Amino acid sequence: MAHPELPEVASRDAWRAAREELLVKEEAVARARDALNAQRRALPMVEVGTEYVFDGGDGKATLLDLFAGRPQLVVHHFMFAPQWQAGCPGCAGFLDQLGHLAHLNARGTSFAAVSRAPYPRILPFKARMGWTLPWYSSYDSDFNRDFEVTRERDGELVERPGLSCFLREGERVFHTYSVYEGLDALGSTTSLLDLTALGPVGDPRVRYHDEYDF
(Lines give C-alpha, C1' and ligand atoms only; values in the text may rest on other atoms or scores of the structure.)
Protein backbone atom coordinates (compact mmCIF):
# COMPACT_ATOMS: atom_id res chain seq x y z
CA MET A 1 0.00 0.00 0.00
CA ALA A 2 1.38 3.41 -1.00
CA HIS A 3 2.20 5.75 1.87
CA PRO A 4 1.02 9.37 1.79
CA GLU A 5 3.63 12.02 1.21
CA LEU A 6 5.19 13.08 4.50
CA PRO A 7 5.57 16.71 5.60
CA GLU A 8 8.93 18.33 4.95
CA VAL A 9 11.50 18.38 7.76
CA ALA A 10 12.20 21.84 9.19
CA SER A 11 13.98 23.49 12.09
CA ARG A 12 12.07 24.26 15.30
CA ASP A 13 12.12 28.00 14.46
CA ALA A 14 10.75 27.39 10.95
CA TRP A 15 8.04 25.13 12.40
CA ARG A 16 7.10 27.78 14.98
CA ALA A 17 6.80 30.48 12.29
CA ALA A 18 4.60 28.25 10.13
CA ARG A 19 2.54 27.30 13.17
CA GLU A 20 1.92 30.95 14.09
CA GLU A 21 0.86 31.70 10.51
CA LEU A 22 -1.62 28.84 10.63
CA LEU A 23 -2.88 29.97 14.06
CA VAL A 24 -4.15 33.22 12.53
CA LYS A 25 -6.32 31.21 10.14
CA GLU A 26 -7.47 28.86 12.91
CA GLU A 27 -8.57 31.79 15.07
CA ALA A 28 -10.51 33.22 12.13
CA VAL A 29 -12.26 29.87 11.65
CA ALA A 30 -13.08 29.74 15.39
CA ARG A 31 -14.66 33.21 15.23
CA ALA A 32 -16.66 32.23 12.17
CA ARG A 33 -17.80 29.05 13.93
CA ASP A 34 -18.95 31.03 16.97
CA ALA A 35 -20.90 33.38 14.71
CA LEU A 36 -22.47 30.42 12.88
CA ASN A 37 -23.49 28.82 16.19
CA ALA A 38 -25.14 32.08 17.26
CA GLN A 39 -27.00 32.28 13.94
CA ARG A 40 -28.10 28.65 14.32
CA ARG A 41 -29.49 29.34 17.79
CA ALA A 42 -31.41 32.30 16.39
CA LEU A 43 -33.30 30.10 13.93
CA PRO A 44 -37.06 29.98 14.46
CA MET A 45 -38.52 26.75 15.82
CA VAL A 46 -41.50 24.72 14.63
CA GLU A 47 -43.97 23.05 16.98
CA VAL A 48 -44.23 19.30 16.48
CA GLY A 49 -47.95 18.63 16.24
CA THR A 50 -47.79 14.90 15.47
CA GLU A 51 -47.95 12.42 18.35
CA TYR A 52 -45.10 10.12 17.30
CA VAL A 53 -44.91 6.81 19.14
CA PHE A 54 -41.72 4.75 19.22
CA ASP A 55 -40.80 1.26 20.43
CA GLY A 56 -37.93 0.97 22.89
CA GLY A 57 -36.53 -1.11 25.69
CA ASP A 58 -39.27 0.03 28.07
CA GLY A 59 -42.13 -0.35 25.58
CA LYS A 60 -43.92 2.49 23.84
CA ALA A 61 -42.56 6.04 24.10
CA THR A 62 -43.57 9.41 22.67
CA LEU A 63 -41.20 12.06 21.39
CA LEU A 64 -41.76 13.92 24.66
CA ASP A 65 -40.72 10.79 26.57
CA LEU A 66 -37.38 10.78 24.75
CA PHE A 67 -36.47 14.04 26.50
CA ALA A 68 -36.37 12.12 29.82
CA GLY A 69 -37.47 15.30 31.58
CA ARG A 70 -34.65 17.47 30.16
CA PRO A 71 -35.21 20.69 28.13
CA GLN A 72 -33.43 19.54 24.97
CA LEU A 73 -33.16 16.40 22.86
CA VAL A 74 -30.75 15.37 20.10
CA VAL A 75 -31.95 12.51 17.88
CA HIS A 76 -29.54 10.54 15.75
CA HIS A 77 -31.35 9.27 12.65
CA PHE A 78 -29.52 5.94 12.48
CA MET A 79 -29.85 4.31 9.05
CA PHE A 80 -31.40 0.88 9.63
CA ALA A 81 -34.16 -0.02 7.18
CA PRO A 82 -36.72 -2.67 8.18
CA GLN A 83 -35.37 -5.23 5.70
CA TRP A 84 -31.70 -4.81 6.73
CA GLN A 85 -29.99 -7.39 8.92
CA ALA A 86 -27.67 -4.83 10.52
CA GLY A 87 -27.36 -1.08 10.87
CA CYS A 88 -25.36 1.28 8.68
CA PRO A 89 -21.57 0.99 9.33
CA GLY A 90 -21.13 4.77 9.03
CA CYS A 91 -23.88 5.42 11.58
CA ALA A 92 -22.32 2.80 13.85
CA GLY A 93 -19.00 4.61 13.61
CA PHE A 94 -20.72 7.82 14.65
CA LEU A 95 -22.21 6.20 17.76
CA ASP A 96 -18.85 4.62 18.59
CA GLN A 97 -17.22 8.04 18.85
CA LEU A 98 -19.80 9.51 21.26
CA GLY A 99 -18.52 10.45 24.69
CA HIS A 100 -20.27 9.46 27.90
CA LEU A 101 -23.84 10.73 27.73
CA ALA A 102 -23.68 11.93 31.35
CA HIS A 103 -21.79 15.01 30.14
CA LEU A 104 -24.59 15.84 27.69
CA ASN A 105 -27.36 14.96 30.16
CA ALA A 106 -25.82 17.19 32.85
CA ARG A 107 -26.20 20.11 30.44
CA GLY A 108 -29.93 19.63 30.06
CA THR A 109 -29.81 17.59 26.86
CA SER A 110 -30.88 14.01 26.16
CA PHE A 111 -29.69 11.87 23.26
CA ALA A 112 -31.41 9.00 21.47
CA ALA A 113 -30.93 7.03 18.28
CA VAL A 114 -34.03 6.37 16.16
CA SER A 115 -34.25 3.89 13.26
CA ARG A 116 -37.01 2.63 11.00
CA ALA A 117 -36.18 -1.03 11.65
CA PRO A 118 -38.50 -2.84 14.11
CA TYR A 119 -37.14 -2.86 17.65
CA PRO A 120 -36.65 -6.67 17.73
CA ARG A 121 -34.27 -6.21 14.78
CA ILE A 122 -32.45 -3.33 16.49
CA LEU A 123 -31.97 -5.06 19.86
CA PRO A 124 -29.50 -7.82 18.85
CA PHE A 125 -27.44 -5.39 16.78
CA LYS A 126 -27.32 -2.96 19.70
CA ALA A 127 -26.13 -5.80 21.95
CA ARG A 128 -23.51 -6.83 19.38
CA MET A 129 -22.13 -3.29 19.34
CA GLY A 130 -22.13 -3.09 23.14
CA TRP A 131 -24.13 0.16 23.25
CA THR A 132 -26.27 1.16 26.23
CA LEU A 133 -27.57 4.47 24.88
CA PRO A 134 -31.31 4.93 24.23
CA TRP A 135 -32.38 3.55 20.84
CA TYR A 136 -35.93 3.49 19.50
CA SER A 137 -37.81 2.17 16.49
CA SER A 138 -39.99 4.51 14.43
CA TYR A 139 -41.31 1.58 12.36
CA ASP A 140 -45.01 2.35 12.86
CA SER A 141 -44.78 6.13 12.42
CA ASP A 142 -43.97 8.76 9.79
CA PHE A 143 -41.16 10.20 11.92
CA ASN A 144 -38.39 9.39 9.44
CA ARG A 145 -40.34 10.73 6.48
CA ASP A 146 -41.37 13.90 8.29
CA PHE A 147 -37.78 14.69 9.24
CA GLU A 148 -36.53 13.87 5.74
CA VAL A 149 -34.25 10.94 6.49
CA THR A 150 -36.43 8.42 4.65
CA ARG A 151 -37.36 9.56 1.17
CA GLU A 152 -38.84 8.01 -1.94
CA ARG A 153 -36.60 7.67 -4.96
CA ASP A 154 -37.59 5.83 -8.14
CA GLY A 155 -40.44 4.18 -6.28
CA GLU A 156 -38.26 2.92 -3.43
CA LEU A 157 -37.63 4.22 0.07
CA VAL A 158 -34.05 5.27 0.69
CA GLU A 159 -32.37 6.23 3.96
CA ARG A 160 -29.95 8.95 4.88
CA PRO A 161 -28.36 9.72 8.24
CA GLY A 162 -28.91 12.91 10.19
CA LEU A 163 -29.23 14.65 13.52
CA SER A 164 -32.34 16.54 14.65
CA CYS A 165 -32.59 18.80 17.67
CA PHE A 166 -35.72 19.41 19.70
CA LEU A 167 -36.70 21.74 22.53
CA ARG A 168 -39.60 21.36 24.91
CA GLU A 169 -41.59 23.91 26.83
CA GLY A 170 -43.72 22.00 29.30
CA GLU A 171 -45.63 19.43 27.23
CA ARG A 172 -45.02 21.24 23.93
CA VAL A 173 -42.20 19.98 21.66
CA PHE A 174 -40.45 22.10 19.04
CA HIS A 175 -38.08 21.17 16.21
CA THR A 176 -35.16 23.59 16.14
CA TYR A 177 -32.53 22.16 13.78
CA SER A 178 -31.53 19.23 11.55
CA VAL A 179 -28.29 18.40 9.78
CA TYR A 180 -27.65 15.64 7.24
CA GLU A 181 -24.07 16.24 6.09
CA GLY A 182 -20.72 16.31 7.88
CA LEU A 183 -21.79 14.10 10.78
CA ASP A 184 -18.30 12.59 10.93
CA ALA A 185 -17.08 15.90 12.40
CA LEU A 186 -19.65 15.74 15.22
CA GLY A 187 -20.12 13.50 18.24
CA SER A 188 -18.41 15.27 21.12
CA THR A 189 -20.55 16.84 23.86
CA THR A 190 -19.54 20.33 22.75
CA SER A 191 -20.27 19.71 19.06
CA LEU A 192 -23.73 18.34 19.84
CA LEU A 193 -24.58 21.22 22.19
CA ASP A 194 -23.52 23.64 19.44
CA LEU A 195 -26.42 22.28 17.36
CA THR A 196 -29.05 22.95 20.04
CA ALA A 197 -31.15 26.05 20.54
CA LEU A 198 -30.05 26.72 24.13
CA GLY A 199 -26.57 25.25 24.22
CA PRO A 200 -25.50 24.04 27.68
CA VAL A 201 -28.30 24.31 30.25
CA GLY A 202 -27.32 24.36 33.91
CA ASP A 203 -23.89 23.91 35.47
CA PRO A 204 -21.28 24.12 32.67
CA ARG A 205 -18.47 22.61 34.75
CA VAL A 206 -17.04 19.31 33.52
CA ARG A 207 -16.88 16.60 36.17
CA TYR A 208 -16.16 12.90 36.27
CA HIS A 209 -19.18 11.27 34.65
CA ASP A 210 -20.11 9.48 37.89
CA GLU A 211 -20.10 12.71 39.93
CA TYR A 212 -22.91 14.62 38.24
CA ASP A 213 -25.92 15.31 40.42
CA PHE A 214 -29.00 15.07 38.20
Side-chain angles (χ1 to χ4, degrees), residues 29-30 33 36-37 40-41 43 52 54-57 61 63 65-68 70-139 141 143-151 153 157-167 175-201 206 209:
V29 169
R33 183 176 60 246
L36 182 61
N37 289 340
R40 182 186 294 116
R41 292 198 173 102
L43 284 172
Y52 298 107
F54 308 94
D55 287 320
L63 186 58
D65 292 330
L66 270 56
F67 281 79
R70 301 183 181 95
Q72 300 189 124
L73 169 68
V74 177
V75 168
H76 177 215
H77 300 287
F78 192 113
M79 290 172 57
F80 197 159
Q83 69 274 20
W84 296 359
Q85 298 303 311
C88 162
C91 294
F94 175 83
L95 287 191
D96 278 338
Q97 73 180 11
L98 282 181
H100 203 291
L101 291 184
H103 299 292
L104 197 63
N105 297 162
R107 286 153 184 81
T109 305
S110 292
F111 180 94
V114 174
S115 300
R116 202 161 54 89
Y119 191 71
R121 182 71 58 84
I122 292 172
L123 195 57
F125 181 70
K126 179 182 178 182
R128 170 190 167 187
M129 295 291 100
W131 297 325
T132 59
L133 54 82
W135 194 349
Y136 297 88
S137 169
S138 60
Y139 180 72
S141 79
F143 183 77
N144 282 47
R145 283 179 176 269
D146 291 348
F147 290 93
E148 302 181 31
V149 289
T150 298
R151 297 174 294 173
R153 181 186 299 163
L157 294 179
V158 295
E159 310 281 324
R160 67 169 171 172
L163 288 170
S164 289
C165 299
F166 301 90
L167 178 68
H175 175 222
T176 61
Y177 184 70
S178 286
V179 59
Y180 308 104
E181 303 290 343
L183 269 62
D184 55 340
L186 303 171
S188 68
T189 296
T190 299
S191 68
L192 293 177
L193 289 172
D194 281 344
L195 304 180
T196 64
L198 303 180
V201 179
V206 177
H209 68 251

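Since this is a predicted model, take the numbers as computed values, not measurements. Below, all heavy atoms of this structure are taken into account, side chains as well, without hydrogens, waters or symmetry copies.
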Taking all non-hydrogen atoms of both residues into account, name the closest pair between [X] and [Y] and its distance.
X: Ile122; Y: Ser115; answer: CD1-CB, 3.9 Å
X: Met79; Y: Pro161; answer: SD-CD, 3.1 Å
X: Arg40; Y: Asp194; answer: NH1-O, 3.0 Å
X: Val201; Y: Pro71; answer: CG1-CG, 4.2 Å
X: Gln72; Y: Thr109; answer: NE2-OG1, 3.0 Å
X: Leu133; Y: Phe111; answer: CD2-CE2, 4.5 Å

Test item: [X] and [Y] side chains (from C-beta on) under 4.5 Å apart, heavy atoms:
X: Phe125; Y: Trp135; answer: yes
X: Leu104; Y: Leu193; answer: yes
X: Leu98; Y: Trp131; answer: no

Would you compute the distance between atom [atom1] of [X] and atom [atom2] of [Y] and round it to the nearest 0.5 angstrom?
X: His175; Y: Leu73; atom1: NE2; atom2: CG; answer: 10.5 Å
X: Leu163; Y: Glu181; atom1: CG; atom2: CD; answer: 11.5 Å
X: Phe80; Y: Glu159; atom1: CZ; atom2: CD; answer: 10.5 Å
X: Leu101; Y: Thr132; atom1: CG; atom2: OG1; answer: 7.0 Å
X: Arg160; Y: Tyr180; atom1: CZ; atom2: OH; answer: 5.5 Å
X: Trp84; Y: Arg116; atom1: CH2; atom2: CZ; answer: 8.5 Å

- Could you go step by step and tell me if Leu66 and Val114 meet the side chain to side chain contact (heavy atoms under 4.5 Å, CB included) rule? CA-CA 10 Å; Leu66 270 56; Val114 174; 4.2 Å; yes
For the backbone of [Y] and the side chain of [X], can you confirm whether one donor and one acceptor N or O come within less than 3.5 Å of each other?
X: Ser188; Y: Ser191; value: yes
X: Arg107; Y: Gly199; value: no
X: Ser137; Y: Ala117; value: yes

- Task: Kindly indicate, with the supporting measurements, whether the criterion side chain to side chain contact (heavy atoms under 4.5 Å, CB included) is fulfilled by Phe94 and Leu186.
- Result: CA-CA 8 Å; Phe94 175 83; Leu186 303 171; 4.1 Å; yes
- Query: Under 30°, 30 to 60°, or over 60°: which ring-plane class applies to Phe78 and His76, parallel, tilted or perpendicular?
  - Reply: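 Ring orientation, 0 to 90° scale: perpendicular.
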- Item | Criterion side chain to side chain contact (heavy atoms under 4.5 Å, CB included) on Tyr139 and Asp55, from CA distance to verdict | CA-CA 8 Å; Tyr139 180 72; Asp55 287 320; 5.6 Å; no
- Query: Do the two ring centres, one from Phe166 and one from Phe147, sit under 6.0 Å apart?
  - Reply: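 Yes, the ring of Phe166 comes within the 6.0 Å limit of the ring of Phe147, centre to centre.
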